[in-house]
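Sequence positions, counted from 1, serve as the residue numbers for this chain. Remember, it's 1-based here, ligands and their atoms both numbered in the order they're listed.
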Amino acid sequence: MPHHELVIIGTGSGNSLLTEHFDDVDVAIIEAGRFGGTCLNVGCIPTKMFVLPADRVEQAHDAARIGVTIERARADWAAIRDRIFARIDPIADGGEEYRVSQPNVTVYKAEARFTGDRRLSLSSGEEVTADHVVVAAGSRAVLLEDVPGLDRLDPAGGVHTSDTVMRMDTLPRRMVIIGGGFVACEFAHIFAAFGVDVVQLQRSDRVLKQEEVEVSATYATAVADRYDLRLRTVATAARYDGEQWVITTRGPEGETEIETDMVLLAVGRTPNTDRLDAAAAGLQTEWDGRLVVDEQLRTTAPQVWALGDICSEHQLKHVANHEARIVAHNAAVALGRLDAEPRTLDDRVVPHGVFSYPQIAAFGPTREELQVRGVEFVSYTQRFSDVAYGWALEDQYGLLTVHATPEGRILAAHCIGPDSSTLIQPLIQAATFGQHAHEVARGQYWIHPALAEVVENALLGLPLAN
Ligand SMILES: Cc1cc2nc3c(=O)[nH]c(=O)nc-3n(C[C@H](O)[C@H](O)[C@H](O)COP(=O)(O)OP(=O)(O)OC[C@H]3O[C@@H](n4cnc5c(N)ncnc54)[C@H](O)[C@@H]3O)c2cc1C
């Protein structure tokens, strides 16, 4: 039975662990799917590469409002898809080839399951043991287990998840997207812009419900003339009538049927712990299946670390990358290759973006969350339409809300509008490094008349105590 000093399960963020400290470590990497994991192959990167052409189409449609006529803007699905994967697939393949070529690395292309302490059984029939294990096995899209027909992935039959929808041969004429999170909203933007007749079903009374209430309400208003967003609506049944899918829904209008060519399930993601038999190795899990880890990202089993979606409450790539840096350091220390103290997670703010149209970006608690926690805070909302660049954009929906302590410590920012994910970075920096809101606003120049004046004005508008 092969024994390794270090076994890494999963090649998403797990593949970035191998710093120079591991050059003489006997490492095994186990990967059940494509090298590079979710972000590279079926997540952040391809979706944003589809979002950009979708943005261009929508901007062309919007251009009439600023006196520019761009006629017949349309996207070429096959050309876009092939361009995207012609760039991504070689990176995945190259990553795998590089690891296979490394003399100290063994690559197992198989699914791993724990059978004991740092002991794994592989779907290829092999068994491996290790001194140290890093579990970086990520999460997967969940299906609608209680709706027959939508309880299994069937791309050929027209039932997709984010794993398959970006490689479709042709665009369907009609699509039902089930879910109201960021994955559902980004795909609704992409496919609506590409000319698909999209219906999005969201169980709750608002879409993107982790966002500030005003942001998700603004989003719903902004997309209303682009596609059919149905709130408080669930799919209760699905049948294929030989030519099309018929989805039965229950919502404010009672029971209705939607005829569609394709269904995209985007109802959330679950950590892959169940497929790992985590309990067999003594790895405890949270109520939602995430591995329990401490601030050094140690699991409940000795010499086993975890990182990324398998253990993180934030299913975000920048969080997984940060955790990978911590685990790389701590594993190198544990393996005796680095003489240093272990590193721990800190309490830095965790930002996220939604690359919808309009774009959304935020960090920190919402107004409601602050109120529930009894935190004393002040707020200011700056509309894009009230700064000079917003006039140039003829912006209709953009807004940035900042919450801060009355003394000026920035607690949160919630933004919807063009380039939100870039725009709020100075606020992420200020909140992370504890800078005073008015010092950030007044202690530097803000390029006039750039869109960043939205940030400057939001900070200046905060009714601080001094
Ligand atoms: C459509 C979509 C869009 C997204 N967009 C963004 C975005 O814009 N920004 C952002 O920050 N995040 C985004 N995310 C989330 C982001 O992709 C994830 O948070 C991140 O990729 C998680 O990385 P990871 O290393 O934890 O897991 P992964 O990258 O998923 O890697 C886990 C790997 O482990 C393998 N594996 C699983 N189980 C086993 C097993 N038993 N044996 C062997 N191998 C196994 C899997 O095949 C996979 O390759 C998006 C996700 C999706 C689905």
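Taking every non-hydrogen atom of Leu276 and a distance limit under 4.0 Å, the qualifying atoms of ligand 1 come out as 41 (N). Close approach to Gly10 involves these atoms of ligand 1, each under 4.0 Å from a residue heavy atom: 33 (C), 34 (O), 35 (C). In the vicinity of Lys48, heavy-atom distances shorter than 4.0 Å reach the ligand 1 atoms 5 (N), 6 (C), 7 (C), 8 (O). Residue Gly33 has at least one heavy-atom neighbour below 4.0 Å for each of these atoms of ligand 1: 47 (O). Atoms of ligand 1 found under 4.0 Å from any heavy atom of Gly138 (numbered from 1 in listed order, with element): 26 (O), 27 (O), 30 (O), 32 (C). Set against the non-hydrogen atoms of Val42, the atoms of ligand 1 under 4.0 Å away are 1 (C). Interface of Asn272 with ligand 1, defined as ligand atoms under 4.0 Å from a residue heavy atom, comprises 37 (C). Less than 4.0 angstrom separates some heavy atom of Cys39 from each of these atoms of ligand 1: 17 (O), 21 (O).
Interatomic distance, OG of Ser13 versus CZ of Arg325, reported as 10.0 Å (0.5 Å rounding). Taken to the nearest 0.5 Å, the CZ atom of Phe22 stands 6.0 Å off from the CG atom of Leu335. One finds the NZ atom of Lys109 at 7.5 Å from the OG1 atom of Thr11 (value rounded to the nearest 0.5 Å).
Side chains of Thr366 and Glu368: a donor-acceptor N/O pair is absent below 3.5 angstrom, by distance only. Using modelled atom types and a 3.5 Å distance limit, the side chains of Ser216 and Arg206 yield a donor-acceptor pair. Remark: the Gln435 side chain and the Arg409 side chain contain no N/O donor-acceptor pair separated by less than 3.5 Å.
In this structure, Ser204 and Lys209 approach most closely via the heavy-atom pair OG-CE, 3.2 Å. When all heavy atoms are compared, the tightest approach of Phe355 to Gln359 is CD2-NE2, 3.6 Å. Nearest heavy-atom pair, Phe187 versus Ile177, reported as atom, atom and distance to 0.1 Å: C-CD1, 3.8 Å. Between Asp205 and Leu231, the shortest heavy-atom distance links the atoms O-CD1, 3.4 Å.
Below 30°, between 30° and 60°, or above 60°: for Trp77 and Phe50 the angle between ring planes is below 30°, a parallel geometry.
Remark: minimum distance from atom 47 (O) of ligand 1 to any protein heavy atom is reached at Glu31 OE2, 2.5 Å. Distance from atom 32 (C) of ligand 1 to its nearest protein heavy atom, with residue and atom name: Ala136 O, 3.2 Å. For atom 11 (O) of ligand 1, the closest non-hydrogen atom of the protein is Lys317 N, 2.8 Å. Nearest protein heavy-atom neighbour of atom 6 (C) of ligand 1: Cys44 SG, 3.4 Å. Regarding atom 53 (C) of ligand 1, its nearest protein heavy-atom neighbour is Arg269 NH1, 3.4 Å. Annotation: atom 39 (C) of ligand 1 to nearest protein heavy atom, Ala137 CB, 4.0 Å. At the top of the distance list for atom 15 (C) of ligand 1, counting protein heavy atoms only, stands Gln315 O, 3.5 Å.
At a heavy-atom distance under 4.0 Å, no atom of Arg113 approaches ligand 1. The backbone and the side chain of Asp309 each have at least one atom closer than 4.0 Å to an atom of ligand 1 (non-hydrogen atoms only). Of all the heavy atoms of Ala32, the ones lying under 4.0 Å from any atom of ligand 1 are found in both the backbone and the side chain. The backbone of Ala110, and not its side chain, has at least one atom closer than 4.0 Å to an atom of ligand 1 (non-hydrogen atoms only; backbone = N, CA, C, O).
Using a 4.0 Å cut-off between charged side-chain N and carboxylate O, Lys48 and Glu186 make a salt bridge. Look at Asp76 and Arg81 and you find no salt bridge, because none of the NZ, NE, NH1 or NH2 atoms lies under 4.0 Å from a carboxylate O.
The aromatic ring centres of His403 and His414 sit less than 6.0 Å apart. Separation of the Tyr357 and His61 ring centroids does not fall under the 6.0 Å cut-off.
Taking only nitrogen or oxygen atoms, main chain and side chain alike, Ala320 does not reach within less than 3.5 Å of ligand 1. Considering backbone and side-chain atoms together, Thr38 places an N or O closer than 3.5 Å to an N or O of ligand 1. Close N/O approach between Thr47 and ligand 1 is not found [any backbone or side-chain N/O within under 3.5 Å].
By heavy-atom distance, the residue among Ala112, Gly36, Ser13, Ser162 lying nearest atom 42 (N) of ligand 1 is Ala112. Among Ala278, Gly43, Ala184, Ser139, the residue whose heavy atom sits closest to atom 3 (C) of ligand 1 is Gly43.
Put simply, no part of Glu186 is less than 4.0 Å from ligand 1, judged by heavy atoms. Taking a 4.0 Å cut-off on heavy atoms, Phe182 registers as neighbouring ligand 1.
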